[in-house]
2 protein chains.
Amino acid sequence: MTTRTQGLHPHVLATLGLAITAGEYPPGSVLRTDELAQRFDVSRTVVREVVRVLESMHLVESRRRVGVTVRPAEQWNVYDPQVIRWRLAGADRPRQLRSLTVLRSAVEPVAAGLAALHATPEQCRELTEQALGMVATSRGRQLEAYLVHDIAFHRVVLAASGNEMFARLGDVVAEVLTGRTHHQVMFDDPDPAAVTLHVQVAEAVRERDAARAEELTRQIAVGALRELDVLAP
Amino acid sequence: MTTRTQGLHPHVLATLGLAITAGEYPPGSVLRTDELAQRFDVSRTVVREVVRVLESMHLVESRRRVGVTVRPAEQWNVYDPQVIRWRLAGADRPRQLRSLTVLRSAVEPVAAGLAALHATPEQCRELTEQALGMVATSRGRQLEAYLVHDIAFHRVVLAASGNEMFARLGDVVAEVLTGRTHHQVMFDDPDPAAVTLHVQVAEAVRERDAARAEELTRQIAVGALRELDVLAP
DNA sequence: GTGAGATAAAAGTCGTACTTAATGTTCGAG
DNA sequence: CTCGAACATTAAGTACGACTTTTATCTCAC
């Protein structure tokens, strides 16, 4: 079950990162580089580079004479897309999905409001197009195709907000939506109300109606949260 | 002007990270590890570890036969606390401060609303205490003391929200508030209206009034944004 | 021009030797 | 018996040199 990556470093990093974020090493656990080198059958060089990266993610802390200790989850860089992916792939996907959705519910309405003020004509067009794509694929179990448009739609909104912090959440939203579609329980077809709301958001942005864009997006977020409450414990 | 850090790796990392985030290397610039090793007078080992970390922050990309190329700013991991610190220390502090404040304006109101639902008695007490501390230090040019309470206040709100993504923004908020107080132009005393609002937020949380906590925090955010508009171009 | 093949440049990997710092232990002074 | 200072030990940090692998680019025949 070797994770078949090209290059040793990526492979070791992925394996260790996944294991740590999955909680396989309780906080305070100590790893030694030599031991890891042996375990993965790679040189200490590779292990050291991996440890440095994990350290920059605050997953571990490396101290002389003691080793590489695993940090408590509260200290992890949970905004690191890599960490997010690991956690979504691991055991506590539900919890992660929930906390990310709450984050979305805070950010996306504001982003939509700003998008209404700053979106370029090109972005407005793109937004409408994706919304129509969602409508077109919202029936008949085309969840995969729907997902593509959904992701693109939210990406454009976040990018059009003109705020780089929002824009960079595009990847996170993509992960959330993908995770929801693939792993989470999900209805056969998306909620028709949500689809309509997306179309209306595109409309509001096009008409530069910031307040409406924000409010409509807030409704989308509320819907997503409610759905999560229904489908998850 | 050696940045006097203990350990070679931290020193090289800090220097290079700062230089890149400051835009000293335009996107697409190519660095070679041997060259860097020479320049910093360290072994290739150290440089390689640094490059791996920078790579995990998406600041650079390392490819065989071509070298280490600097990525465009849109791809940087702008949520990495380290990157945030570098950018706040560098040339575009104003822009960074603004985008982070917008992020706060989206997140903190929602966090406050959740805090009203989930805060422990201990957190309520802490909140009130910090708010009172803000009142006590709001006059007579005690900006430093005020800052401490301000940071603590917002940290508690974010932590009390019960959402880990929000909680982890505590450091970011701390950086923003610190940056605003130290480097940004700021009035001699904080805005009295803001101080009052903080006290009221503590009150609302204590009384479990989520809607009010959210609305009041939104007003704080609006004030912060307005202040930024007044004091920055 | 175009495509196959040679060339070379730079990152990737490895092993070993040495340095440094933190921890734990020992041992002597009080 | 307690305390503290010297010492030994351990694991990370750093350095260096050799070798491998990938791949951009150049060459040359067609």
Side-chain angles (χ1 to χ4, degrees), chain A residues 2-17 19-20 25-72 75-76 82, chain B residues 2-20 25-72 75-77 82:
Chain A
T2 8
T3 321
R4 275 313 281 151
T5 10
Q6 87 257 49
L8 300 182
H9 175 90
H11 172 236
V12 176
L13 180 63
T15 309
L16 257 186
I20 293 174
Y25 303 94
S29 305
V30 174
L31 310 171
R32 260 149 294 130
T33 49
D34 308 296
E35 186 186 289
L36 292 174
Q38 253 193 297
R39 177 136 72 86
F40 289 100
D41 191 33
V42 295
S43 71
R44 207 163 68 97
T45 310
V46 170
V47 172
R48 284 190 48 68
E49 286 172 10
V50 167
V51 167
R52 280 258 131 98
V53 172
L54 294 175
E55 207 175 7
S56 90
M57 297 170 173
H58 281 71
L59 296 185
V60 301
E61 189 180 7
S62 177
R63 283 171 57 203
R64 273 175 152 133
R65 164 68 208 241
V66 54
V68 178
T69 65
V70 177
R71 306 182 106 172
Q75 297 180 21
W76 297 349
Q82 185 63 94
Chain B
T2 10
T3 320
R4 275 313 281 150
T5 9
Q6 88 258 47
L8 300 182
H9 175 91
H11 172 236
V12 176
L13 181 63
T15 309
L16 257 186
L18 200 56
I20 294 174
Y25 302 94
S29 305
V30 174
L31 311 170
R32 259 150 289 126
T33 50
D34 304 294
E35 184 187 292
L36 293 173
Q38 253 192 296
R39 176 138 71 86
F40 288 101
D41 192 32
V42 295
S43 69
R44 206 164 68 99
T45 311
V46 171
V47 173
R48 283 190 48 69
E49 287 172 10
V50 168
V51 167
R52 281 260 132 98
V53 172
L54 294 175
E55 208 174 7
S56 91
M57 297 170 172
H58 280 70
L59 295 185
V60 302
E61 189 180 7
S62 178
R63 282 171 57 203
R64 275 174 153 137
R65 164 65 209 241
V66 55
V68 178
T69 65
V70 177
R71 306 182 103 167
Q75 298 180 21
W76 298 348
N77 267 245
Q82 185 63 92

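Chain A is the first sequence line, chain B the second, and so forth, proteins listed ahead of strands; every chain is numbered from 1.
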Please tell me which of the listed nucleotides, D:dC16, C:dA10, C:dC14, lies nearest to the side chain of B:R32? C:dA10
Separation of D:dA11 C1' from A:E61 CD (nearest whole Å): 15 Å
base_contact_polar (C:dT20 base, A:R63 side chain, donor-acceptor, <3.5 Å): no
Phosphate-side-chain proximity, B:T33 and C:dA10, N/O vs OP1/OP2 below 4.0 Å: no
Exercise: identify the closest heavy-atom pair between B:P27 and B:P72: CB-CA, 3.7 Å
Lys/Arg N to Asp/Glu carboxylate O, B:E55 vs B:R52, below 4.0 Å: yes
From NE2 of A:H9 over to P of C:dC14, roughly how many Å is that when rounded to an integer? 13 Å
Rounded to the nearest angstrom, tell me the gap between atom CG in B:D34 and atom C1' in D:dC16. 13 Å
From CG of B:D41 over to P of D:dT14, roughly how many Å is that when rounded to an integer? 13 Å
Separation of D:dA11 C1' from A:R44 CZ (nearest whole Å): 8 Å
Out of D:dG13, D:dC16, C:dG12, which has the shortest distance to the side chain of B:T45? D:dC16
Please tell me which of A:V42 and A:R64 maps to the more 5' nucleotide of DNA chain C, matching each residue to the nucleotide holding its nearest heavy atom. A:V42
Could a donor-acceptor pair under 3.5 angstrom be found where the side chain of B:R65 meets the base of D:dT21? no
Nearest whole Å is fine: how far is C:dA11 P from A:E49 CD? 12 Å
Nearest-angstrom distance from the residue atom CD of B:E55 to C1' of C:dG12: 11 Å
For A:G17 against A:L54, the heavy-atom pair lying closest together: CA-CD2, 4.1 Å
Between atom CZ in A:R48 and atom P in C:dC14, what is the gap in whole Å? 15 Å
Distance criterion of 3.5 Å, no angle test: do you see the side chain of B:R52 paired donor-to-acceptor with the base of C:dT13? no
Looking only at heavy atoms, what is the nearest atom pair of B:R71 and B:W76, with distance? O-NE1, 3.1 Å
Crowded around B:Q38 CD? As in, over 12 foreign heavy atoms under 6.0 Å? no
